[in-house]
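In listed order, ligands and their atoms are each counted from 1. Each residue takes its place number in the sequence, starting with 1.
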Amino acid sequence: MLYAIGTGMPSTNQKKPDADSDPEFTVNYKEDVEMNKPQVVSVKTRENVKKVEIAVLYPNGQAKMYRSRMRDGVGKVELTVPMPGKFLSSVAVYGSGGIKFLKDFSFTGSRPAELELEPGTRANSELEKIRNRVIKLPDNFHADAVRAWPNSTSYAQSLQNLTFSISDSYSDLKKGKLVRNKNVKIPSYIFGSGNFGTVFKITCDSGDYALKCFTRAAFDLAERYYFISSYLSGINLPMLVGFNYLPSAVRMISKPSQYYPVLRMDWIEGTSLNSYIEKNYNSSILMKRLADEFLNTMISLHEYGIAHGDLSGDNILVSDSGKLTLIDYDGMYVPPFSGRIAPEKGHEHFQHPARGNHYSEDLDNFSVLVIYLSLYGISRKPELWKYNDNDGDKLIFSSGDFLNPEDSAVIRDLKSIGGRTRKLAILLSQAAGMDPLWKGIEPIRIKGLR
Ligand SMILES: Nc1ncnc2c1ncn2[C@@H]1O[C@H](COP(=O)(O)OP(=O)(O)O)[C@@H](O)[C@H]1O
Ligand SMILES: [Mg+2]
């Protein structure tokens, strides 16, 4: 059904005109929208109004903002709903004098008719469909032919002049600004340097981005990111960050003819899991909430057959409100990778002692238990954080604890708490001696342990 709402120009000395009777501000939208099909919300108002903004609150609490310019008093915004349920929205239009109109409306997302199955079977068959989706590289796909990669210092130097270093194809970034990392004492633009690349922050008109510049040859880099992003498109997983692989994006001062690819990610405000625990380990409530949130997050990722591949205290960011975001997808597994080998082995203090190059949706099982038990244990007994030893590369477990669980002081302490903590600690000792991909510790089973 098509709907239109209208409202009057707010005025101090006059009663608001009846919404539907004012021709000067109308919003047209569909009240029922099919999932993943675009709907156009059109806004019509006076000619001097320049900009329209629509804020949409998703049924799961996420919010999204859409912005568009108005032309001759008409603005159009395209929305797609990624899930069923009621979407609450508000539309605001702005002229030269600031906000002019604000109006709330709502619409409902529904599943396409052919997916309406028996209750209970629906979720599973949809997941099956997604997991079995065949993804092919496009014929014209081309990976950047790079033989030798620049190092962090060269990237840091070149990026200080974005007009020079960023290719004309990415004008938004080109006009952006490189941001200093204020968390380190010496002046630096580098936010992290790891296995595959170095991360910088660029702020530009369309938002703040993390730019991962690659420093190590990974021949299938472009192809891997193509598969990962294709698989993730259309799936709503709020714990993942939006990203784009940009081919031929950045060049060095020393070799202006060669452009290198970068991975551009939305910038996530938050602290690493390690520093969040460091700050809050004394709060049992926060630690328990974080433990639950983490496990639920990993359950939904696993349902889609996705494994992060390198879960650790610095690849998980926590926002002030306790929301978790996973970053660093270099080692990610998605179902189209079935049969391949893993590109990396992950942080050792989070991995099964026998982690090799096996690659599957069960890749995270062991690290999920390690992280969940760390958080859950700390929520029961904050002093356990002493086992961190101020080491940013681990939480409370070290690889030695997994090699010899019988001799591990932290596992002994966890067991002595009793109850569910004891059971989880026993499960971890057991898991350390099993196959690294043991399904006995799938995230959903960890949750089920009473
Ligand atoms: N999307 C992002 N938003 C905010 N910070 C990020 C983002 N991606 C990376 N970072 C920062 O950069 C650091 C390094 O990034 P990461 O992708 O983990 O690379 P690596 O561990 O291989 O160096 C992170 O620990 C984090 O501090
Ligand atoms: Mg990392």
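Listed by first and then second residue, the side-chain hydrogen bond (donor to acceptor under 3.5 Å, both in side chains) pairs that reach into residues 329-343 are K212-D330, E223-R340, Y225-D330, sequence neighbours excluded.
Listed by atom number, the atoms of ligand 1 under 4.0 Å from S193 heavy atoms are 23 (O). Less than 4.0 angstrom separates some heavy atom of D314 from each of these atoms of ligand 1: 25 (O). Counting the atoms of ligand 1 from 1 in the order shown, those under 4.0 Å from a heavy atom of A210 are 1 (N), 2 (C), 7 (C), 8 (N). Proximity to M265 (heavy-atom distance under 4.0 Å) selects the following atoms of ligand 1: 1 (N), 8 (N).
Each of L326, V318, N315 was evaluated against L273; a single residue qualifies, V318, per the side-chain contact (heavy atoms from CB on, under 4.5 Å) test. Among K345, H347, Q351, the single residue meeting the side-chain hydrogen bond (donor to acceptor under 3.5 Å, both in side chains) criterion with D310 is H347.
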Could you pull out every donor-acceptor pair under 3.5 Å between side chains of residues 237-252 and any protein atom, sequence neighbours left out?
from	atom 1	to	atom 2	distance (Å)
N244	OD1	R264	NH2	3.0
S248	OG	D144	OD2	2.8
R251	NE	F164	O	2.9
R251	NE	Y259	OH	3.1
R251	NH1	P256	O	3.2
R251	NH2	F164	O	3.4

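For atom 4 (C) of ligand 1, the nearest protein heavy atom (residue, atom name, distance) is I268 O, 3.3 Å. Looking only at heavy atoms of the protein, atom 23 (O) of ligand 1 is closest to G194 N, 2.8 Å. At the top of the distance list for atom 24 (C) of ligand 1, counting protein heavy atoms only, stands I327 CD1, 3.6 Å. In this structure, atom 1 (N) of ligand 1 lies nearest to the protein heavy atom D266 O, 2.9 Å. Taking atom 13 (C) of ligand 1 as the reference point, the nearest protein heavy-atom neighbour is F191 O, 3.6 Å.
The distance between the ring centers of F87 and F107 falls below 6.0 angstrom. A centroid separation of 6.0 Å or more is found between the aromatic rings of F337 and Y231.
For V199, every heavy-atom contact with ligand 1 shorter than 4.0 Å involves the side chain, none the backbone. Of all the heavy atoms of S272, none lies under 4.0 Å from any atom of ligand 1, so neither backbone nor side chain is involved.
The distance from the Mg ion (ligand 2) to the nearest N/O/S atom of S312 is not under 2.8 Å.
Under the 30°/60° scheme for interplanar angles, the aromatic rings of F214 and W149 are found to stand perpendicular.
Annotation: K212 places an N or O atom under 3.5 Å from an N or O atom of ligand 1; distance criterion only.
Between the CG atom in L301 and the CG atom in D364 there is a gap of 7.0 Å [rounded to 0.5 Å].
The minimum distance between the Mg ion (ligand 2) and any N, O or S atom of D328 involves atom OD2.
Under a 4.0 Å N-O distance rule, the pair D362/K439 qualifies as a salt bridge. With respect to the salt-bridge test (charged N to carboxylate O, under 4.0 angstrom), the residues R445 and E442 qualify.
In the candidate list D310, L211, T198, D328, D328 is nearest to atom 21 (O) of ligand 1, counting heavy atoms.
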